[in-house]
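Nothing here was measured: the structure is a model prediction, and the numbers come from that model. Throughout, numbering of the chain's residues begins at 1 and tracks the sequence.
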Amino acid sequence: MRTVRRLAAATFGIACLHLFFGAIVRISGSGMGCGDHWPKCYGRWFPPLSRPDLIIEVSHRYLASVLMLALIATFVAAWRRRGEAGVGGRGGVLRMAGLGVALGFSAALLGAVTVKLVNAPFATLAHWTVAMSVVASTVATLVRAGGLGGATARLGGVSQRAKRGALVAAALALLAVVMGGLTAKYPGAAVACQGFPLCGRNAEVLPGAVHVQLTHRVLAFLVVLHLAGLAQGIFRRGEVAIARRAVAIALSLGVLQLAVAAAMVLGHLPPVLRSLHEATGVSIWIATFTLAYLTRIGSGSAAVLAESGSVEEHGASRSAHRAPPASGLVPRHES
């Protein structure tokens with residue numbers, strides 16, 4: 001499991017870097033840096049690095065190839081160890097690693113479609129959404145391998161209320177990031193609102209662009225408000241440390257995102273802040289998905305232990321903990 005966990009951690013890091021770099025491609029307008037050529041760039045695997053947009057686009061493609069290799073390597077390592085507890089079977093690493101490979105190929109094919117359609121907004125949005133799903137699969141793979149707090153989450157202690165709240169947070173964060181991608185691509189949506197937090201509408205753009213921008217903003221505010229309420233409930237109920245830490249990270253990123261968004265809008269959308277805004281939004285999605293996955297495992301530890309093949313050891317330790325002393329006398333509870 002240690003080898004699988006290390007590969008899963010490396011794949012997760014590459015997937016995050018790839019997603020962040022994809023945001024830079026979109027913000028810098030480099031999506032057509034290689035023209036409508038795919039997978040080669042102007043007929044070459046290694047074209048002359050003569051333009052900034054070409055450099056950004058071809059680097060993104062190289063990074064996608066590295067990610068694909070990492071996904072396959074994690075799957076192969078899990079397949080070779082499928083007989084070990086926690087690797088094969090339901091709830092094991094192998095199935096999620098296989099899903100990651102399938103999603104990776106899907107993202108590559110959608111990337112080709114996006115290029116052939118000259119970066120049409122909804123094709124780009126579909127590619128962006130599948131890319132986020134790839135990252136989610138690497139998170140789940142790593143958690144199942146015991147990383148990102150997965151080993152601690154298996155001990156249980158997470159309430160169903162925390163689980164439900166975390167799932168809602170992840171769903172809201174996904175919608176907000178998807179709408180953020182649409183805002184960046186929809187004509188006029190990025191500059192539709194001149195103020196913050198109120199819109200301060202730009203009269204030069206169409207009403208549809210304003211609606212896209214406002215929908216993104218409303219979802220973003222809902223994410224932060226929901227995370228604030230979720231954090232309050234988790235800390236008030238005294239949930240396990242892994243849940244408290246995960247929700248605190250997600251909420252901190254949400255507050256940071258509001259500050260970055262305000263500076264970006266009031267500063268008239270400088271590219272650096274736009275890139276930071278995209279990166280923070282992706283980080284919120286990753287944090288909320290991790291929170292949701294950890295609470296899902298932590299609220300159903302008995303099933304997870306059974307699936308991983310360690311339920312016998314867990315039950316034995318609990319039986320030993322409850323067993324009476326050798327004398328047969330039941331100890332009396334003292335105040």
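Stacking of R44 on the aromatic ring of F46 is not recorded, the 6.0 Å distance cut-off and the 45° axial limit not both being met.
Side-chain atoms of T11 and T138 form no donor-acceptor pair, as typed in the model, at a separation below 3.5 Å.
Closest of all the heavy-atom pairs between V93 and A78 is CG1-CB, 4.3 Å. Smallest separation of non-hydrogen atoms from C199 and L214: CB-CD2, 3.8 Å. The two atoms that bring L7 and A77 nearest to each other are CD1-CB, 3.4 Å, heavy atoms only. Of all heavy-atom pairs spanning T141 and A97, the tightest one is OG1-N, 3.6 Å. Taking both residues in full, the closest heavy atoms of F221 and P197 are given as CZ-CB, 3.8 Å, listed atom of the first, atom of the second, then distance. When all heavy atoms are compared, the tightest approach of H211 to T215 is O-OG1, 2.7 Å.
The distance from atom CG of L142 to atom OG1 of T74, rounded to the nearest 0.5 Å, is 9.5 Å. Taken to the nearest 0.5 Å, the CG atom of L110 stands 10.0 Å off from the OG1 atom of T124. Note that the OG1 atom of T152 and the CG atom of L294 stand 9.0 Å from one another [nearest 0.5 Å]. From H18, atom NE2 reaches atom OG of S65 across 8.5 Å, with rounding to the nearest 0.5 Å. Atom CZ of residue R245 and atom CD of residue E239 lie 14.0 Å apart, to the nearest 0.5 angstrom. Residue T3 holds its OG1 atom at 8.5 Å from CD of E84, rounded to the nearest 0.5 Å.
Between W285 and M132 there is a side-chain heavy-atom pair separated by less than 4.5 Å. When side chains are defined from C-beta on, V134 counts as touching L67, because their heavy atoms get closer than 4.5 Å. Annotation: side chain of R164 is in contact with side chain of Q160 (closest heavy-atom distance under 4.5 Å). Contact check for Y293 versus L148: no side-chain heavy atoms found under the 4.5 Å cut-off. Residues P47 and V58 have side chains in contact (heavy-atom distance under 4.5 Å, counting atoms from C-beta outward). You'll find the side chain of S275 stays beyond 4.5 Å of the side chain of F20, heavy atoms only. The shortest side-chain heavy-atom distance between L291 and L230 falls under the 4.5 Å cut-off.
In this structure, R80 places its CZ atom where only 12 or fewer heavy-atom neighbours from other residues, nucleotides or ligands lie under 6.0 Å away. A 6.0 Å sphere centred on CZ of R244 holds more than 12 heavy atoms belonging to other residues, nucleotides or ligands. Residue W38 places its CH2 atom among more than 12 non-hydrogen atoms of other residues, nucleotides or ligands, all under 6.0 Å distant.
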Can you give each donor-acceptor pair under 3.5 Å made by side-chain atoms of residues 166-195, sequence neighbours left out, with the distance rounded to 0.1 Å?
residue: T183; atom: OG1; partner: M179; partner atom: O; Å: 2.7
residue: Q194; atom: NE2; partner: V191; partner atom: O; Å: 2.9

N/O donor to acceptor pairs below 3.5 angstrom from side-chain atoms of residues 247-272, sequence neighbours left out:
residue: S252; atom: OG; partner: A248; partner atom: O; Å: 2.8
residue: Q257; atom: OE1; partner: H277; partner atom: ND1; Å: 3.2
residue: Q257; atom: NE2; partner: H277; partner atom: O; Å: 3.0
residue: Q257; atom: NE2; partner: H277; partner atom: ND1; Å: 3.3

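Scored by the ring-ring contact (aromatic ring centres under 6.0 Å, His included) test, H226 finds no partners at all (sequence neighbours excluded). Every residue two or more places apart in sequence or in another chain that forms a side-chain contact (heavy atoms from CB on, under 4.5 Å) with R51 is listed here: Y42, D53, L54. Checked against side chain to side chain donor-acceptor pair (under 3.5 Å), R61 has the following partners two or more places apart in sequence or in another chain: E57.
Two different hydrophobic clusters hold V218 and L225 under the rule that ILVMFWY side chains link at heavy-atom gaps under 4.5 Å. Under the 4.5 Å side-chain contact rule for hydrophobic residues, L63 and I55 do not share a cluster. Cluster membership for V282 and V130, using ILVMFWY side-chain heavy atoms within less than 4.5 angstrom, is not shared. Note on V101 and L19: same hydrophobic cluster, where clusters join Ile, Leu, Val, Met, Phe, Trp and Tyr whose side-chain heavy atoms are under 4.5 Å apart, directly or indirectly. A continuous path of hydrophobic side-chain contacts links L103 to L125 [ILVMFWY only; heavy atoms under 4.5 Å].
Each disulfide bond (SG atoms under 2.5 Å apart) pair with one or both residues in residues 65-176, not counting sequence neighbours, would appear here, but there are none.
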*Should L117 and F122 be marked as a side-chain contact (heavy atoms from CB on, under 4.5 Å) after you check the CA-CA gap, both sets of side-chain angles, and the distance that decides it?*
CA-CA 10 Å; L117 294 178; F122 287 98; over 6 Å; no

*Carefully, step by step, assess L71 and F105 under the rule side-chain contact (heavy atoms from CB on, under 4.5 Å).*
CA-CA 10 Å; L71 289 167; F105 277 113; over 6 Å; no

*Do V66 and Y62 pass the side-chain contact (heavy atoms from CB on, under 4.5 Å) test, and can you show the C-alpha distance, the side-chain angles, and the key distance before you say yes or no?*
CA-CA 6 Å; V66 173; Y62 292 156; 5.7 Å; no

*Walk me through it: do V158 and R296 pass the test side-chain contact (heavy atoms from CB on, under 4.5 Å)?*
CA-CA 8 Å; V158 178; R296 176 180 175 271; over 6 Å; no

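Using a distance-only test at 3.5 Å, with no hydrogens or angles considered, a donor-acceptor pair links the side chain of R144 to the main chain of G92. Between the side chain of R5 and the backbone N or O of G146 there is no donor-acceptor pair closer than 3.5 Å. No side-chain donor-acceptor contact under 3.5 Å links S299 to the backbone of K163. At distances below 3.5 Å, not a single donor-acceptor pair connects side-chain atoms of R81 with backbone N or O atoms of V87.
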